[in-house]
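This report refers to the structure that appears directly beneath it.
We number each residue from 1, following the sequence as shown.
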Amino acid sequence: MTEAREISSAPLTPRAGTCTPITPPITAPPSQYHSPSLSRSPLLSFNDNEEAANVAATKTPKTSSRPRTPPIQFISPLASPLRRAITPLASPLKRAITPLASPLRNVLHMTKLDPQDAWLPITESRNGNAFYAAFHTLCSGIGIQALVLPVAFTILGWTWGVICLTLGFIWQLYTLFLLVQLHESTEIGVRYSRYITLCVAAFGEKAAKLIAMFPYMYLSAGTCVLLISIAGSTCKIFFEIVCGPETCTAKPLTMVEWYLVFTCAAVILSQLPNLNSIAGVSLIGAITAVGYITLIWIVSVVKHDVHGVSYDPVRYGSEIKNVFSVLNALGIIAFAFRGHNLTLEIQATMPSSEKHPSRVPMWKGVRSAYFLIAMCLYPLAIGGYWAYGDLIPQNGGMLTALYAFHGRDTSRLILGITSLFVIINALSSFQIYGMPMFDDMESKYTMKKKQPCPPWLRASLRAFCGFLCFFFAVAFPFVASFAGLIGGIALPLTFAYPCFIWIIIKKPKVYGPMWWLNWGLGVLGMILSVLMIAAGIYVVIANGVEFSFFKPS
């Protein structure tokens, strides 16, 4: 793409003896990036006949009964107007834009399904900014998964725990930088508004579905299930704290009923239409996440009176079990750095052009968010391990330890605020992690019907999605015990795939520094992913998990 400009064809003078009319100048909208929409699920399944029908439809009278395609948003203006301009003047216009032939041809090719971007919740609104990016990134990048970080320290110890946490933080921040830079391509003027879209552009449709679709959707859906499980149990604790064992006469709800209460609240809040509309929700979620993490580690450090604490790394009799335990600890650290599957989606909510690319405000928001994330993760991991050592509960981490060791000697106000913050943060995180699922389900309808989802259908799909997560949370209440396994499955999305995509799309100099760096990190990430998945399965089997199906407690 070249700098934004008006593309016009000069009036054509008819030759002598011909009746060719003089064609008026044609003005195309300013050149901006657009999205190759819907490279997902039914992914890129369009054909030339369908495209020809769409072009032919531009010639039909206004009284035609054919459903009208909504106008392209400001962020992708080249699709409809320029296509109409090209139809009657193919040859003259082609001569007029010869210097732009190659990139413009690519743009026109990629806008075949572009109108649907205006119908889907991720790209429906493009008025985001650096503040919105910071809110969304902070809400998705920090949360309940961080509470189990001290568990990894019980295996790794002080030195290796801090080293692995630091290396993991730097590594994921680097791959996050790659994703922000890869979001838009100046060569062909394309915006990759979804993680799967970028994977399809790099690996091809079949390979992307095979290696990226499952961990991408698994991380989103699995996180929502985990949020219901933890927030539901926290709702029960909050009720007991507020009501009090001596004064409360109300009959408490069962755990399944608390799950249902939280799910109903999450489904109601999920009716907000698009990703930009939940910026305020993400802000509240970010504030509460920072709040309860800070409260937990401060209370744990101040009330450091737990007896029998040991800081020696936990070791087992078998060397194989020790190795797998270390790998499982690394998986817990990897799980704490989730959120990369939402980076491109968050950046897609911003306007972008060649003069004002979205990567600039996005990177500002990301840097601010991850500064706060680092200020939360390090005190939580180090302070939590110092307070509880090897006694920290393996499943609930710091939250369970707070109630177990300091539930009686801590103010009910502090415990109540901490529990309330956990619930609010889980409610907010559910919205941003559920957005890829909502977007994917609605894309199937829009691709088939060529129109946006009606309000009743959108509400029904989101309710179905929420209650499906509720079903899995009730059916598999032990999902919180699989933090290491979940981290291993999701690790390529965060640590490996961005490096390979950079090599394929950006094509750095072979055997150059960037080439070696990305190849090394990508291969190492894939090896660690395989080892962590094996270790997570082994640790679950060796340590034992109470598989209480449909019996949350």
Side-chain angles (χ1 to χ4, degrees), residues 38 40-42 116-125 136 139-140 143-144 194 196 213-214 216-236 253-282 284-285 341-342 345-346 349 422-449 451-477 479 549-550 552:
L38 302 185
R40 307 180 298 293
S41 317
Q116 297 187 43
D117 267 352
W119 300 334
L120 297 175
I122 288 177
T123 50
E124 188 176 55
S125 174
H136 290 313
C139 185
S140 62
I144 55 176
R194 295 161 183 87
I196 294 299
M213 178 63 77
F214 173 72
Y216 174 77
M217 296 307 297
Y218 173 79
L219 186 58
S220 294
T223 300
C224 290
V225 172
L226 185 63
L227 289 170
I228 292 175
S229 299
I230 294 181
S233 59
T234 308
C235 285
K236 183 179 179 181
L253 301 178
T254 64
M255 188 62 71
V256 175
E257 290 171 336
W258 282 118
Y259 282 15
L260 184 60
V261 169
F262 176 82
T263 304
C264 290
V267 168
I268 293 174
L269 195 57
S270 70
Q271 301 309 314
L272 292 172
N274 54 62
L275 193 55
N276 259 343
S277 66
I278 65 170
V281 175
S282 294
I284 295 174
N341 63 313
L342 296 171
E345 286 78 351
I346 295 171
T349 63
V422 170
I423 296 169
I424 295 175
N425 171 254
L427 198 61
S428 304
S429 299
F430 187 96
Q431 309 309 315
I432 191 167
Y433 273 95
M435 200 59 72
M437 295 187 292
F438 305 153
D439 188 85
D440 184 70
M441 295 179 72
E442 292 181 29
S443 72
K444 293 177 172 61
Y445 177 87
T446 58
M447 290 188 72
K448 183 176 181 180
K449 298 295 185 179
Q451 62 182 14
C453 283
W456 66 268
L457 181 58
R458 170 174 281 191
S460 301
L461 289 175
R462 298 186 179 191
F464 170 78
C465 202
F467 286 110
L468 184 63
C469 292
F470 162 77
F471 170 79
F472 281 104
V474 173
F476 309 102
V479 68
F549 296 97
F550 296 97

* Show your working on side chain to side chain contact (heavy atoms under 4.5 Å, CB included) between M441 and R462 and close with a plain yes or no. => CA-CA 9 Å; M441 295 179 72; R462 298 186 179 191; over 6 Å; no

* Structure fact -> Rounding to 0.5 Å, atoms CG (L275) and CG (L120) come to a distance of 12.0 Å

* Report yes if the side chains of R194 and T123 come closer than 4.5 Å at any heavy-atom pair, otherwise no. => yes

* Asked: Are the side chain of S428 and the backbone of V281 linked by a donor-acceptor contact shorter than 3.5 Å?
  -> yes

* M213/I196 under side chain to side chain contact (heavy atoms under 4.5 Å, CB included): CA gap, chis, key distance, verdict -> CA-CA 7 Å; M213 178 63 77; I196 294 299; 4.1 Å; yes

* Atom pair OG (S429) and CG (L342), whose distance is rounded to the nearest 0.5 Å -> 10.0 Å

* For residues Y445 and P454, determine if any side-chain heavy atom of one lies less than 4.5 Å from a side-chain heavy atom of the other. => yes

* Asked: Within a strict 4.5 Å, meaning less than it, do heavy atoms of the C469 and M437 side chains meet?
  -> yes

* Structure fact -> Closest non-hydrogen atoms of T263 and G466, given as atom of the first, atom of the second and distance, are CG2-O, 3.6 Å

* Neighbour count >12 (heavy atoms, 6.0 Å) for atom CZ, F467 -> yes

* **Test log, rule side chain to side chain contact (heavy atoms under 4.5 Å, CB included), inputs Y259 and S229** => CA-CA 7 Å; Y259 282 15; S229 299; 3.9 Å; yes

* About how many Å separate CG of L272 and CZ of F438, when rounded to the nearest 0.5 Å? -> 10.0 Å

* Can you see which heavy atom on Y433 is nearest to which on L219, and at what distance? => CD2-O, 4.4 Å

* Structure fact -> With sequence neighbours left out, the residues meeting ring-ring contact (aromatic ring centres under 6.0 Å, His included) with F214 are Y218

* Spatial distance of atom CG (N276) from atom NE2 (H136) [nearest 0.5 Å] -> 5.5 Å

* Asked: Between I432 and I346, is any pair of side-chain heavy atoms under 4.5 Å apart?
  -> yes

* To do: Would you mind reporting whether E345 and S140 have side-chain heavy atoms less than 4.5 Å apart?
  => no

* To do: Quick one: closest heavy-atom pair of T446 and W119, and the distance?
  => CB-CE3, 3.9 Å

* pair V256-F470: side-chain heavy atoms closer than 4.5 Å -> yes

* **Test item: N274 side-chain N/O and I122 main-chain N/O as donor-acceptor pair under 3.5 Å** => no

* Gap separating the CE atom of M435 from the CD atom of Q431, nearest 0.5 angstrom -> 7.0 Å

* **Residues L427, I284; criterion side chain to side chain contact (heavy atoms under 4.5 Å, CB included); working and verdict** => CA-CA 10 Å; L427 198 61; I284 295 174; over 6 Å; no

* Structure fact -> Rounded to the nearest 0.5 Å, the CG atom of N341 sits from the CE atom of M217 at a distance of 9.5 Å

* What is the minimum heavy-atom distance between E442 and P121, and which atoms define it? -> OE1-CD, 3.4 Å

